[in-house]
Colleague: 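Encoded as structure tokens, here's the structure I'll be asking about.
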Amino acid sequence: AVFDPNATVKTKDQIKSYVASKGYFDGQVMDTVETANRKSEVFYNVDLLPAYTIRNLYYEISDSNIQKLCYFDSMSCVIERGKPYDVDVLQAERLRFERFIKDYGFYGFSTDHIYFRVDSTVGNRQVDIYYGVKNFTNLDSYNRVSLVPHSIYRVKNICIYPDFVPRDALEGGEAYLNSLDTTNYNGYYFITRKGKPEIKYDLIIQSLYLKPGSVFNVTNTEQTQAHL
């Protein structure tokens, strides 16, 4: 490859950013270029002091329902006091907490609602982390934005297509839709082709982890998909 001084600088910055993400906020990265016989070699020297560790973890959650769940689940938090600061751990906590909250019906909750503020000025090579959860951004009919508590969603209807074939639906269009028949069996809607053999409704329902009227649960939803 052709030697590119700009790529050398970019790589140096990437290394510095990476070590900072692992708690080495004051890490120094030096690059040296040696050229001989029209060939260049680049050497990077990384000088690191001990990584910053986590002193305290504080919560900033205004939504009372989310706050209660967060405190209830605090023992499962992967951010630990005394451990080195690590951006990957913060991201893992985002994903873990999002899933935990969605299992309690908060369908609209996502990692975008979670933020972390890091204070590295507390001294003794330590940081304080502020773990925050933002309220839901609501847009009304007049396009006015307001922040409101997160909503809990419930399952309204469960529609089951036992013999659904995507290709038939795409190619058949309206004719395919007209060929369908809906049967309400114990609150579950079974949608099948007319004239098809009778479906064993109870057998299918036994494999479901969802019920009409139940609180939305992402784990139960995935388990249902896996069993069908």
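Starting from 1, each residue takes its place in the sequence as its number. Remember, it's a predicted structure, so these values are computed and weren't measured experimentally.
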Colleague: Look at the aromatic rings of Phe109 and His150 and report parallel, tilted or perpendicular, splitting at 30° and 60°.
Modeller: perpendicular
Colleague: Kindly give the heavy-atom pair with the smallest separation between Asn178 and Lys194, and that separation in Å.
Modeller: O-NZ, 3.3 Å
Colleague: Take the angle between the ring planes of Phe190 and Tyr201 and call it parallel below 30°, perpendicular above 60°, tilted in between.
Modeller: tilted
Colleague: Is Phe216 linked to Phe136 within one hydrophobic cluster, defined over Ile, Leu, Val, Met, Phe, Trp and Tyr using a side-chain heavy-atom separation of less than 4.5 Å?
Modeller: no
Colleague: Hey, could you give me the CG/OH distance between Asp202 and Tyr188, rounded to the nearest 0.5 Å?
Modeller: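 The distance works out to 10.5 Å.
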Colleague: Checking ring-ring contact (aromatic ring centres under 6.0 Å, His included) for the pair Phe116/Tyr131: CA distance, chi angles, key distance, verdict?
Modeller: CA-CA 5 Å; Phe116 297 104; Tyr131 187 149; 4.9 Å; yes
Colleague: Would you compute the distance between atom CG of Leu95 and atom OG1 of Thr111 and round it to the nearest 0.5 angstrom?
Modeller: 6.5 Å
Colleague: If you compare all heavy atoms of Asp31 against all heavy atoms of Lys12, which two are closest, and at what distance to 0.1 Å?
Modeller: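 The answer is OD1-CD, 3.0 Å.
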Colleague: Distance only, no hydrogens: is a donor on one side chain within 3.5 Å (strictly under) of an acceptor on the other, for Ser146 and Asp140?
Modeller: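 On atom types as modelled, these side chains do not qualify, holding no pair under 3.5 Å.
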Colleague: Within this structure, what is the OG1-OH distance for the pair Thr182 and Tyr189, rounded to the nearest 0.5 Å?
Modeller: 9.0 Å
Colleague: Is the shortest side-chain heavy-atom distance between Leu170 and Tyr176 below 4.5 Å?
Modeller: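 No, side chains not in contact.
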Colleague: So, Gln28 side chain and Asp47 main chain: donor-acceptor pair closer than 3.5 Å or not?
Modeller: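 Pair absent, no side-chain N/O of Gln28 close to backbone of Asp47.
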Colleague: Please round to the nearest 0.5 Å and tell me the distance separating atom CD1 of Ile129 and atom CG of Leu90.
Modeller: 5.0 Å
Colleague: Using a strict cut-off of less than 4.0 Å between a Lys/Arg side-chain nitrogen and an Asp/Glu carboxylate oxygen, indicate whether Asp26 and Arg125 qualify as a salt bridge.
Modeller: yes
Colleague: Tell me whether Glu222 is salt-bridged to Arg99, with the criterion being a basic N under 4.0 Å from an acidic carboxylate O.
Modeller: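 Answer for the salt bridge query: yes.
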Colleague: Measure the OG1-OH distance between Thr219 and Tyr209 for me, rounded to the nearest 0.5 Å.
Modeller: 11.5 Å
Colleague: So, the side chain of Ser74 versus the backbone of Tyr71: is there a donor-acceptor pair under 3.5 Å, distance only?
Modeller: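 Yes; judged by distance alone, with no hydrogens or angles, the pair exists.
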Colleague: Considering only NZ, NE, NH1 and NH2 on the basic side and carboxylate oxygens on the acidic side, decide whether Arg55 and Asp119 come within less than 4.0 Å.
Modeller: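 Looking at Asp119 together with Arg55, the answer is no, because their closest N to O distance does not fall below 4.0 Å.
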Colleague: Quick one: do Tyr59 and Val127 end up in the same hydrophobic cluster if we chain Ile, Leu, Val, Met, Phe, Trp and Tyr together by side-chain heavy atoms under 4.5 Å apart?
Modeller: yes
Colleague: According to a hydrophobic-cluster definition based on side-chain heavy atoms being under 4.5 Å apart (Ile, Leu, Val, Met, Phe, Trp, Tyr only), do Val122 and Tyr58 belong together?
Modeller: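 Cluster IDs for Val122 and Tyr58 differ.
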Colleague: Using a 4.5 Å cut-off on heavy atoms from C-beta on, say whether the side chain of Tyr185 contacts that of Ile205.
Modeller: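 Answer yes - side chains close enough.
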Colleague: Nearest 0.5 Å please: distance from the OG1 atom of Thr53 over to the NZ atom of Lys83.
Modeller: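 These two atoms lie 11.0 Å from each other.
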Colleague: Evaluate the criterion ring-ring contact (aromatic ring centres under 6.0 Å, His included) for residue pair Phe164 and Tyr161; output intermediate values, then yes/no.
Modeller: CA-CA 5 Å; Phe164 179 71; Tyr161 295 75; 5.7 Å; yes
Colleague: Take Ser62 and Asn135 through the side-chain hydrogen bond (donor to acceptor under 3.5 Å, both in side chains) test and state the conclusion after the steps.
Modeller: CA-CA 7 Å; Ser62 56; Asn135 277 356; 3.2 Å; yes
Colleague: Does Lys134 pair with Asp112 as a salt bridge, N-O distance under 4.0 Å?
Modeller: no
